[in-house]
Number of protein chains: 2
Amino acid sequence: MSKHIKGVTISQVADAAGVARSSVSRAFTRPEMLSPETVNRIMAAADQLGYRPNHTARALSTGRYGNIALIVPDIANPFFPPMIRAAQMQADSANFCIFLGNTEENGEKEDQLIGRFTGQVEGLILASPRLSDERIWAHAEKLPLVLINRDIPGISSVLIDSSVGVAEAVTHLAKLHHRKMVYISGPPVSWSNRQRQEAFDKTALALGVETATVPTLRPDFESGRKAVEAMLATGATAGIAFDDLTAQGVLTGLAERGISVPADFSLIGCDDVLGSVTYPALTSISSQSSEAGQAAIALLLEMLQTSKHADLRHMIATHLVVRNTTREPHSAVTSG
Amino acid sequence: MSKHIKGVTISQVADAAGVARSSVSRAFTRPEMLSPETVNRIMAAADQLGYRPNHTARALSTGRYGNIALIVPDIANPFFPPMIRAAQMQADSANFCIFLGNTEENGEKEDQLIGRFTGQVEGLILASPRLSDERIWAHAEKLPLVLINRDIPGISSVLIDSSVGVAEAVTHLAKLHHRKMVYISGPPVSWSNRQRQEAFDKTALALGVETATVPTLRPDFESGRKAVEAMLATGATAGIAFDDLTAQGVLTGLAERGISVPADFSLIGCDDVLGSVTYPALTSISSQSSEAGQAAIALLLEMLQTSKHADLRHMIATHLVVRNTTREPHSAVTSG
DNA sequence: ACTTGACATGCAACCGGTTGCATGAAAACT
DNA sequence: AGTTTTCATGCAACCGGTTGCATGTCAAGT
């Protein structure tokens with residue numbers, strides 16, 4: 001029916017109310033500057049015409065866009081939706097809108113998306129970025145930037161400190177008398193993966209537990225399933241997977257081989273995004289991705305207000321959530 | 001370190017290249033209007049200064065914002081991420097950016113978000129909106145609008161036609177000799193739920209199968225788990241759940257009661273968002289939410305180009321994906 | 001009554017681009 | 001050579017707001 005609809009402008013309201021454009025503007029932004037009657041008159045006219053301030057025009061003249069871009073590698077990875085959701089809500093409460101970008105785990109696309117957002121966002125949040133430190137620095141020079149799950153000197157970030165949770169997990173398994181454990185690893189470029197691997201190795205070493213590592217291609221269900229063969233070949237009786245998706249793949253791979261969890265093999269995931277949704281309910285390392293999303297926005301907003309490129313760090317603690325996928329190994333039952 | 005960074009403007013580039021601002025503008029938007037040498041000179045200057053066109057300024061003067069808002073009730077519901085992702089990619093390929101809004105299943109918040117997006121988006125996509133028809137009409141009058149999973153006369157929409165898939169599911173179960181089936185329903189306001197319930201009842205009636213319905217509060221894991229008791233009380237030997245999340249809850253509830261799937265009970269989900277990720281792998285009705293996301297953007301872009309508020313409809317077919325949660329009931333094994 | 005100040009409002013420039021029209025120079029035509 | 005056409009470029013207005021400063025009015029101060 002109707003064609004391109006021209007919005008009602010400040011000028012039309014001004015005419016209708018018999019005032020200058022600037023007064024209309026002030027009626028909306030600083031009403032205390034105007035007499036109450038004038039404000040009322042303007043508001044009445046505005047309501048009547050159905051006036052809505054134009055976000056874009058306002059942004060152009062003030063330089064405050066009221067938008068934030070959030071860029072993630074893969075929306076479909078269950079780690080991210082809670083994070084995005086929390087970020088959204090936090091931004092919302094400060095009257096900011098969120099641009100969402102999905103990079104398909106691809107650094108180039110990440111660059112490209114950032115480019116597309118310039119000139120319409122006040123700040124940028126990069127979650128688990130795949131870009132090089134250099135590129136990230138370059139962007140951080142032009143725009144307030146907060147990283148999630150990436151640690152680069154001089155750039156603010158929200159870090160999920162998996163090391164505690166991983167240590168708890170290894171200790172938990174050791175207490176159950178597992179003598180050999182395997183780490184099913186994630187993307188080598190991932191900061192989280194490196195951190196988890198290190199904590200795994202370190203804790204195991206301290207406890208005198210034997211270790212092995214099985215690499216995977218991507219953090220997803222299929223990779224986990226395919227890793228099962230190599231995992232079993234290590235002779236380990238328990239495993240910790242890079243994330244819950246991978247763990248779920250492992251769970252399925254084990255079931256397909258008739259290997260029962262936790263009776264025959266103990267498994268722990270990371271991120272706790274599937275939680276009790278699997279069966280048996282997956283023991284996992286909780287990492288509150290939603291808190292990360294919320295904190296990242298809060299950090300960014302703070303940087304915007306103080307208008308300086310601070311180098312802040314927000315650490316998020318993790319802890320083990322024990323459910324039903326861990327138990328003593330057979331060897332322990334007989335020997336202990 | 002650096003304060004608020006002023007971007008390089010067209011004027012600076014113009015000065016550097018010794019041309020008028022308009023020429024710089026044209027060099028980027030319609031280079032064929034300029035002599036190749038001039039374009040080169042301008043581009044060189046722009047590169048050297050690190051010029052990036054300001055999206056906002058451009059939007060203001062052209063009226064083309066290059067942005068689309070996508071509003072969903074709950075990002076964390078696994079039905080949506082694939083949809084959002086597909087929408088993102090489709091928008092991306094047309095150089096559009098996506099604003100994401102999360103309404104927390106709340107109609108008021110939906111209204112509020114839409115308001116915040118006005119004046120910076122060219123179009124709106126509402127996925128499974130909780131708003132009244134009237135409110136949606138009001139918004140559609142001001143902005144090109146596409147609905148997903150909601151059917152309102154006069155407004156374009158992308159509809160996932162579950163009826164075929166549900167009919168297939170009921171038929172599949174009937175062929176396995178199930179004589180009584182239960183539908184674990186979703187939100188009453190949901191268009192999809194009504195559609196599924198109707199298809200369920202109709203097909204069952206046609207096949208002479210006995211039916212029952214169990215209500216749930218929200219489409220999530222817990223609701224499914226809590227529905228198990230009522231579900232079993234119906235005496236049905238098979239069930240179809242409103243969505244996969246609910247089905248997964250049911251799966252867990254059954255397992256907790258020692259009821260084996262599919263040996264003792266057959267279960268089918270909807271949306272196929274968890275797919276083979278559950279164990280046993282869930283038989284489900286595939287509904288390609290990603291296709292819905294892609295199609296919605298395509299539709300919207302088409303409306304923007306033809307610049308008319310067309311009333312288009314895109315139907316998405318569904319079909320049953322049989323995995324490992326359905327089998328003949330005990331009664332059938334003995335009797336047949 | 002005359003100055004001073006406070007306050008409400010208007011004027012006009014500006015944010016960073018885009019675009020219709022005017023201009024001038026070179027190319028094509030007679 | 002004189003005139004018309006073509007083409008590249010510049011000028012200036014405009015998109016819809018915001019904001020520093022100027023102006024006018026009215027009440028308070030002396």
Side-chain angles (χ1 to χ4, degrees), chain A residues 4-43 45-46 49-67 115-122 142, chain B residues 4-43 45-46 49-67 95 116-122 142:
Chain A
H4 258 193
I5 316 95
K6 294 243 164 199
V8 180
T9 75
I10 212 176
S11 307
Q12 299 174 38
V13 177
D15 287 353
V19 296
R21 300 192 307 144
S22 44
S23 294
V24 179
S25 172
R26 289 195 258 257
F28 282 88
T29 54
R30 295 207 299 266
E32 74 282 359
M33 277 187 70
L34 267 45
S35 75
E37 313 92 73
T38 312
V39 172
N40 287 341
R41 193 149 37 94
I42 293 176
M43 287 307 187
L49 272 67
Y51 168 76
R52 305 250 125 233
N54 182 314
H55 213 114
T56 302
R58 184 181 308 207
L60 183 59
S61 57
T62 59
R64 273 172 283 113
Y65 298 100
N67 299 325
R116 187 163 301 156
F117 291 137
T118 52
Q120 52 183 344
V121 301
E122 280 176 63
K142 306 197 181 170
Chain B
H4 259 191
I5 315 96
K6 295 241 161 201
V8 180
T9 75
I10 211 176
S11 308
Q12 298 175 40
V13 176
D15 287 353
V19 297
R21 299 192 308 144
S22 44
S23 295
V24 178
S25 173
R26 290 195 256 258
F28 282 89
T29 54
R30 296 206 302 263
E32 74 282 358
M33 275 187 71
L34 267 45
S35 75
E37 312 92 73
T38 312
V39 172
N40 288 340
R41 194 150 36 94
I42 293 174
M43 287 308 186
L49 272 68
Y51 168 75
R52 306 251 124 236
N54 181 314
H55 213 113
T56 301
R58 181 177 302 194
L60 183 58
S61 57
T62 60
R64 273 173 281 111
Y65 297 99
N67 298 326
N95 284 327
R116 186 164 301 156
F117 290 138
T118 52
Q120 52 183 344
V121 301
E122 282 177 62
K142 306 197 179 166

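Each chain gets a letter, A, B and so on, in the order its sequence line appears, and its residues count up from 1. Scope of the values below: all heavy atoms of this structure, side chains included, with no hydrogens, waters or symmetry mates. None of these values were measured; they are calculated from a predicted model.
Counting heavy atoms from C-beta on, the side chains of A:V13 and A:I42 come closer than 4.5 Å.
Checked against D:dT9, C:dC11, D:dT18, the side chain of A:S22 finds its nearest nucleotide in C:dC11. Among D:dT18, D:dG10, C:dG17, the nucleotide with an atom closest to any side-chain atom of A:S61 is D:dT18. Which of D:dC15, C:dG20, D:dT19 sits closest to the side chain of B:R26 comes down to C:dG20. Looking at the side chain of B:T29, the nearest of the listed nucleotides D:dG10, D:dT9, C:dT18 is C:dT18. Looking at the side chain of B:R21, the nearest of the listed nucleotides D:dT18, D:dG17, D:dA13 is D:dA13. The side chain of A:S35 lies closest to C:dT9, out of D:dG17, C:dT18, C:dT9.
In this structure, the side chain of A:Q120 does not engage the main chain of B:T56 through any donor-acceptor pair within 3.5 Å. Judged by distance alone, with hydrogens and angles left aside, the side-chain atoms of B:H55 form no donor-acceptor pair with the main-chain N or O of A:F117 at under 3.5 Å.
No contact: B:S11 has no heavy atom under 4.0 Å from any strand. Using a 4.0 Å heavy-atom cutoff across all strands shown, B:V8 reaches sugar-phosphate atoms only and no base atom. Using a 4.0 Å heavy-atom cutoff across all strands shown, B:T56 reaches no nucleic acid atom at all. Using a 4.0 Å heavy-atom criterion, one finds that A:T9 contacts the sugar-phosphate atoms exclusively. As judged by a 4.0 angstrom heavy-atom cut-off over every strand, A:F28 is placed among residues making no nucleic acid contact. Contact annotation for A:V24: no contact, since no heavy-atom pair falls under 4.0 Å across all strands. Note on B:L60: a base of the nucleic acid sits closer than 4.0 angstrom, heavy atoms only.
With DNA chain C read from its 5' end, the first of the two nearest nucleotides for B:M33 and B:P53 is the one closest to B:P53. Nucleotides of DNA chain D nearest to B:T62 and B:P36 differ in position, and the one nearer the 5' end is that of B:P36. The residue among B:S23 and A:N54 whose nearest nucleotide of DNA chain D lies closer to the 5′ end is B:S23.
If you measure from atom CZ of B:R41 to atom C1' of D:dG10, you get 13 Å, rounded to the nearest angstrom. Taking atom CG of residue B:D15 and atom C1' of nucleotide C:dG16, one finds them 14 Å apart after rounding to whole Å. Straight-line distance from the CD atom of A:E37 to the P atom of C:dC7: 15 Å, rounded to whole Å. Rounded to whole angstrom, the span from the NE2 atom of B:H55 across to the C1' atom of C:dG17 amounts to 12 Å. A straight line from CD of B:E32 to P of D:dT6 spans 18 Å, rounded to a whole angstrom. Remark: C1' of C:dA8 and CG of A:N40 are 15 Å apart, rounded to the nearest angstrom.
In terms of heavy atoms, B:Y51 sits closest to B:I10 at CE1-N, 3.7 Å.
Contact check, B:R58 against D:dC15: no side-chain N or O comes under 4.0 Å of OP1 or OP2. A sub-4.0 Å separation between OP1 or OP2 of C:dT18 and a side-chain N or O of B:R30 is absent. Applying the 4.0 Å criterion to OP1 and OP2 of C:dG16, one finds that A:Y65 has every side-chain N and O outside that range.
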For a side-chain contact (heavy atoms from CB on, under 4.5 Å) check, start with the C-alpha distance between B:V24 and B:V19, then their side-chain angles and the critical distance, and finish with the verdict. CA-CA 7 Å; B:V24 178; B:V19 297; 3.9 Å; yes
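With rounding to the nearest 0.5 angstrom, the CG atom of A:D15 is 10.0 Å from the CZ atom of A:R21.
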